[in-house]
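The structure appears below as C-alpha cells.
Just so you know, ligand 1 is whichever comes first in the structure, and atom 1 is the first atom listed for that ligand. Numbers here are sequence positions counted from 1. None of the values given here were measured: they were computed from a predicted structure.
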Amino acid sequence: MKDQNATFLELPPEYTGETSRYVILPIPYEGTVCFEKGTAAGPERILAVSDQMEYIDEETFIEFWKPGIRTLKPLTPEPTPRAEMEAIYKRAKKESIFSEGRMPITLGGEHSITAPLLRAAAETYPDLSVLQFDAHSDLRESFPPGGRDSHASVMRRALEITPNLVQVGIRSFSEEDLAVCPDRVRRFITPSQIEDDFDAALTEITGRLSDKVYITIDMDAFDPAFAPGVGTPEPGGLTWRQVTKILRAVFQAKKVIGADVVETAPIPGQVVTEFLAARLVAKLMVYDQAASR
Ligand SMILES: [Mn+2]
C-alpha cells in the first residue's frame, strides 16, 4: 500500500484511540488470485474514498463513528501463502482484535485472509458461526496456486474451525464444492431464493446461525451492476438493499463478533465498488449500534 497512514473516515485523534469499538485491519494481499488481479489495492482505495462519506447514516441517523474507529497499519504482504496466513493470525492475536467490546472489520485483499482471522476469532469465541456473502462457495480442499491456502478453499478451512457455516448469494460452485455439502439445499442460500421469498430466506439465515457470528463479505456476492470491481464477477447477484436488510436483521438477532470485506479490485477511473465497500463497512457499524439500542 502506498499510503501506510490512511485511516477510515480520517477521524480526529479523540476518535481513533485504543478504546475504539471498531478496529479496521487493512490486508493488501493477493497471493493466490487466479484471474483478474488488483485486490491488493482494495484496502487502500476503500480507505481513500471513506472520508468522502457523510458522517450520519441515512437510514437510522446514527453517527456511526462516535464509538471510535481505530485503523491499524496495513499488514505487509508475505512471500508465500503459508507465511501470509501465519502473519495474519499473529497480527490478529497481537492486536487482540477479537476481544470483548471490540468489533474488528478487516479489509481485503483476497478471500483467503478470512481463514487465519477465523482461527484467531475461534480462540475467543469457540461457539462462533460464520455468515458468508459470496458468489462462490469456496469449498475446494485445495486449489492451485496456494493449495490449501487458496482463496478457493477458504470456506473449507472455515469448516475445519466451525461446522456452522451459512453461505448466502452463492451461484458458482464445482462438483467438489457440492460433494462437501451434499445437503446443499440446506447450506447454500441463493440469490433466487432471496428474490423469491426474502422473509423465508432471512428466517433460514438467522435460524441456522449460532448466537455469535463472524461475517465475511466477498464483494462478488453483489450483482456486478452494484460492484463491478471484483476479480471474478458472476451475474445474478444480490442487491445493496438485500444485503443490508439481511445484515440489519442478523445484527438484531445475533451478536456479531467481527467481519471482513474482501475482494475489492478497483477499476482505474471507476470508483463504484470501493464506495460501496466503504459504505458497507459503515453499515456494519450502524447496525451494530442500532442493535444495542
Ligand atoms: Mn467469491
Side-chain angles (χ1 to χ4, degrees), residues 27-43 45-46 81 84-85 88 105-118 130-159 165-178 180-181 184 187-194 205 214-240 242-243 246-247 259-267 272-274 276-277 280-281:
I27 306 186
Y29 169 70
E30 56 175 22
T32 76
V33 175
C34 35
F35 189 58
E36 201 63 39
K37 296 242 180 206
T39 191
R45 289 295 302 160
I46 295 167
E84 177 74 17
M85 298 302 111
I88 293 168
I105 303 174
T106 300
L107 306 179
E110 64 162 75
H111 209 164
S112 57
I113 67 173
T114 303
L117 293 167
L118 284 175
V130 177
L131 173 59
Q132 171 201 9
F133 291 87
D134 205 320
H136 313 90
S137 58
D138 295 340
L139 286 169
R140 284 180 163 93
E141 169 56 28
S142 74
F143 197 70
R148 286 169 47 85
D149 297 317
S150 165
H151 63 104
S153 301
V154 61
M155 288 303 133
R156 188 69 170 264
R157 300 291 82 77
L159 283 177
L165 167 66
V166 180
Q167 303 184 284
V168 177
I170 310 298
R171 53 200 185 275
S172 173
F173 39 79
S174 66
E175 280 292 335
E176 188 185 347
D177 292 75
L178 290 184
V180 176
C181 50
R184 61 186 178 278
R187 186 161 277 148
F188 296 162
I189 294 163
T190 63
S192 2
Q193 263 176 281
I194 291 167
I205 293 167
Y214 181 92
I215 300 176
T216 177
I217 306 173
D218 184 324
M219 291 290 286
D220 64 30
F222 289 97
D223 191 85
F226 291 80
V230 296
T232 43
E234 287 285 343
L238 301 172
T239 68
W240 169 254
Q242 287 170 337
V243 171
I246 294 168
L247 288 173
D260 60 56
V261 175
V262 298
E263 298 281 356
T264 300
I267 300 169
V272 172
T273 311
E274 48 265 46
L276 186 142
L280 189 62
V281 170

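The atom of His136 that is an N, O or S and sits closest to the Mn ion (ligand 1) is ND1. Counting just the N/O/S atoms of Asp134, the one with the shortest distance to the Mn ion (ligand 1) is named OD1. The Mn ion (ligand 1) sits nearest to atom OD2 when only the N, O or S atoms of Asp220 are considered.
Contact annotation: Glu263 places no N, O or S atom under 2.8 Å from the Mn ion (ligand 1). Metal site remark for the Mn ion (ligand 1): Asp218 contributes an N, O or S atom at a distance under 2.8 Å.
Taking the six-membered ring where the residue is Trp, His151 and Phe143 present perpendicular rings, their angle passing 60° and hence far from 30°.
The backbone N or O of His111 sits less than 3.5 Å from a side-chain atom of Glu263, completing a donor-acceptor pair. The backbone N or O of Gly31 lies less than 3.5 Å from a partner atom in the side chain of Glu110, making a donor-acceptor pair.
With sequence neighbours excluded, the residues forming a side chain to side chain donor-acceptor pair (under 3.5 Å) with Arg157 are Glu141, Glu160, listed by chain and number. For Gln167, the side chain to side chain donor-acceptor pair (under 3.5 Å) partners are Gln132, not counting sequence neighbours.
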